[in-house]
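Reviewing the structure listed below.
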Amino acid sequence: MASYHGAPTDVASVIRQVRRPRRAVVTAGMPYANGMLHLGHLAGAHVPADIHARWLGLVIGRENVLFVCGTDDHGSASQIAARQAGVSIREFIDGIHEKQHASLRRYDIDLDVYSGTSRPECLPIQQELAHRFLRRLHDNGLLEKRTSSQWFDPELQCFLPDRFVRGRCPNPKCDNGDAYSDECDRCGHQHSPSQLGSPRSALSDATPVMRDTAHWWLDMWAVSETLRGWIQGKQGAWRPAVLADVLNTVMPSLRFEADLAPTYKEIKASLPKHKAKFTQDRKVLLQLGSKPEMEEARAALSRHGVPSEPVEDWAHRAITRDVAWGLSLPADLDPELCGKTLYVWPDSLIAPIAFSQVALARRGVDPARYVDFWCDPEARIYQFLGQDNVFFYVLMQGAMWLGAQPDPRRLPAPGELQLTDVLGCFHLLVGGDKMSKSRGNFFTADQLLDEKGYSADQIRYYLALLGLAEKPSNFDFEKLDERNRFLAGPLNAAFERPISAAHSKFDGRVPHGALLDKVAADTLRIVQRYVRAMDRADYPTLLFEIENYARVINSLFAQFKPHDDRHPEEGRRDALFSSFYVLKNLMIMLYPFVPTTMDRLRESLRLPPEVFRLDELGTPIPAGHAIGPKQVYFPPVPEE
């Protein structure tokens, strides 16, 4: 959003050059409706999404932003959890949903709606969207019916999702006898269902057998060239890890047996420009620039006795399941698929569109106006999620959006679903490891508030510093307390000292004074940095720079002593006027990160809620403005 032409000389010039979308949607990764929200949910999805939604509110007005999320209700995970709890699926999901929503409210996650894919206000919309997508994908030839083998419970006479079958992990180094059919959650080993040892049904404890079943598969290969061009256009705009992940996947590639590498090397120079590497399964992989170049290289290799195949495994995914708890398929598309349901991933990808319609209805706006947010090239959609889900939100979602158009092999036109910006976050570690209840380093969102005694803003601020956009980061309680000591000490002092000086020496008002040149220069620099970093959702370095900007107030008090009338009055007035100028800027810049604390500061400054706008940066609190009393801003560090 930030676009500069020449060097701005004042804050107003910086703000004028910020490119503002007409509207924006922000989504956070959807939690499964099978457990409480934990620290990883906050760090990797909900807190960064809330910060960005609040930033966009500063830029274009909160009324032009939809911040939506909800529980991912359908599929086997919810069925298993409800069965273990001994209650109906509906009762279980409703209970989990309310607990998750309450946790989000405690952390000031300012959602327009927190719904769920099976909730009454959403389900009819979600079902209609699913049918619309499936019909259009089918009409455009992006759905292929395939038959594959799947576990079948002979006692219950039903197919079993992978998560409904447990058995011995095939990894010889692992002794887990309760591994999933496709993955071991203890050692991380991924395997084909047929490799599972001593399989048993999680529903009946019977020994399942393999039977053939037909499903719809999404053909992403058909639109991979359009996806590639779109992704390559995000160079420099997307987070490097997100871009590298999907671009390496979508680039047209060939593979052949490694023992043919000598022949390949002889003709390498004559092939179209490419990159080559050995894969883990001892094959050679060639990455080409386009599908025509890939076909040209394949033909040349074949002429020299090197058979190769396109790497397109990633591009074909089953999007239906033999699960009762899910969205139905259009009955008229194929009678053989009657009774099957939509896979939870495409279900969850289209859910934010349904959530947006629910949010608009709650605002008293026609839900059909969701197109103003999702189908306008002048609007933006930002999706915050775990890095391990990037494949689905970029490639599967991108293919579904393109496949829903009249012409799926071009980028969306105005009035069609616009492709989204995806912001991935790496795993949060606690004590250097992934969270695990057995290791004692697993924390729910509520535990940090109820058992550890932290405030929501203390946790929000620290999570924003961790830099999960770039790498896995460690949640360290000692470092959290160290940062909170700064918040409760020097930063609180920067808030309190101008307020105290105004009340003790200037009749509780902002004095008449002039803005000091150094303060104006420091403010110009931090605002330039702020708009760039916030646009990119890049927070760690920015927050430290904002902290340094806050120290300007303490340095003004050290130099000019506005609280001590033994010093020259003009210097004291200028220093305090400039301190309030800095304080207002700090309040606005920190609002997306610590909204409750900044709202208390706003009340102390007796400014209206409308002050939280980008255009208010660099605008001083007028001389003579009455200041309210100090409040408790950042609390002290909790004692053990």
Side-chain angles (χ1 to χ4, degrees), residues 1 21 23-31 40-53 55-56 65-70 72 111 133 218 220 223-224 226-251 314-315 317 344-353 355-356 373-377 379-404 411-412 416-428 467-472 533-539:
M1 257 181 316
R23 295 176 188 85
V25 178
V26 179
T27 78
M30 295 165 56
H41 290 125
L42 294 176
H46 295 97
V47 168
D50 184 71
I51 291 170
H52 201 66
W55 151 249
L56 289 166
V65 180
L66 285 180
F67 179 23
V68 298
C69 192
D72 194 359
L111 287 155
F133 269 99
L218 178 65
M220 294 177 276
V223 294
S224 63
T226 310
L227 289 171
R228 176 183 61 80
W230 166 57
I231 294 167
Q232 286 177 322
K234 295 297 181 178
Q235 301 268 9
W238 279 5
R239 291 173 173 175
V242 171
L243 188 72
D245 190 340
V246 290
L247 193 54
N248 283 332
T249 300
V250 80
M251 291 298 288
W314 64 270
R317 293 278 182 131
V344 291
W345 264 113
D347 184 0
S348 64
L349 295 176
I350 63 177
I353 305 174
F355 297 161
S356 297
F373 291 84
W374 286 89
C375 303
D376 180 0
R380 298 284 294 277
I381 302 116
Y382 305 89
Q383 302 199 269
F384 288 79
L385 46 109
Q387 183 67 29
D388 52 349
N389 293 333
V390 162
F391 171 91
F392 295 98
Y393 277 86
V394 177
L395 298 178
M396 181 177 278
Q397 180 179 280
M400 289 175 62
W401 270 221
L402 294 174
L411 290 175
E416 298 170 342
L417 287 171
Q418 301 297 300
L419 299 175
T420 69
D421 287 310
V422 172
L423 298 97
C425 292
F426 285 93
H427 281 294
L428 179 74
L468 290 173
E470 298 179 359
K471 63 184 187 310
M534 294 299 287
D535 183 38
R536 299 175 67 88
D538 182 12
Y539 307 133

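Just so you know, residue 1 is the first one in the sequence shown, and it goes up from there.
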Check: Can you check whether Pro472's main-chain N or O pairs, donor with acceptor, with His427's side chain at less than 3.5 Å?
Finding: no

Next item on the list: Hey, could you give me each pair passing side chain to side chain donor-acceptor pair (under 3.5 Å) that has a residue in residues 236-250? Not counting sequence neighbours.
Entry: Trp238-Asp421

Notebook entry, point to check: Are the side chains of Tyr382 and Pro48 in touch, meaning some heavy atoms are under 4.5 Å apart?
Noted result: no

Checklist line | Ala49: partners by side chain to side chain contact (heavy atoms under 4.5 Å, CB included), with sequence neighbours left out | finding: Val26, Ala28, Phe67, Phe384

Check: Hey, what's the ring geometry for Phe392 with Trp345, parallel, tilted or perpendicular (30° and 60° as the breaks)?
Finding: parallel

Check: Under 3.5 Å, side chain of Gln418 to main-chain N/O of Glu416, donor-acceptor pair present?
Finding: yes

Note to self: For Arg536, give me all partners under side chain to side chain contact (heavy atoms under 4.5 Å, CB included), at least two apart in sequence or on another chain.
What the structure shows: Asp538

Next item on the list: State whether the side chain of Gln383 and the backbone N or O of Thr420 hold a donor-acceptor pair below 3.5 Å, judged by distance alone.
Entry: no

Checklist line | Residue pair Val246 / Val250, side-chain heavy-atom distance below 4.5 Å | finding: no

Checklist line | Nearest non-hydrogen partners of Met396 and Pro346, listed with the distance | finding: SD-CD, 4.0 Å

Check: Where do Thr27 and Pro352 come nearest, in terms of heavy atoms and distance?
Finding: CG2-CB, 3.7 Å

Note to self: With heavy-atom distances below 4.5 Å as the criterion, would you say the side chains of Lys471 and Gln387 are in contact?
What the structure shows: no

Note to self: Between Pro31 and His46, is there a side-chain heavy-atom distance shorter than 4.5 Å?
What the structure shows: yes

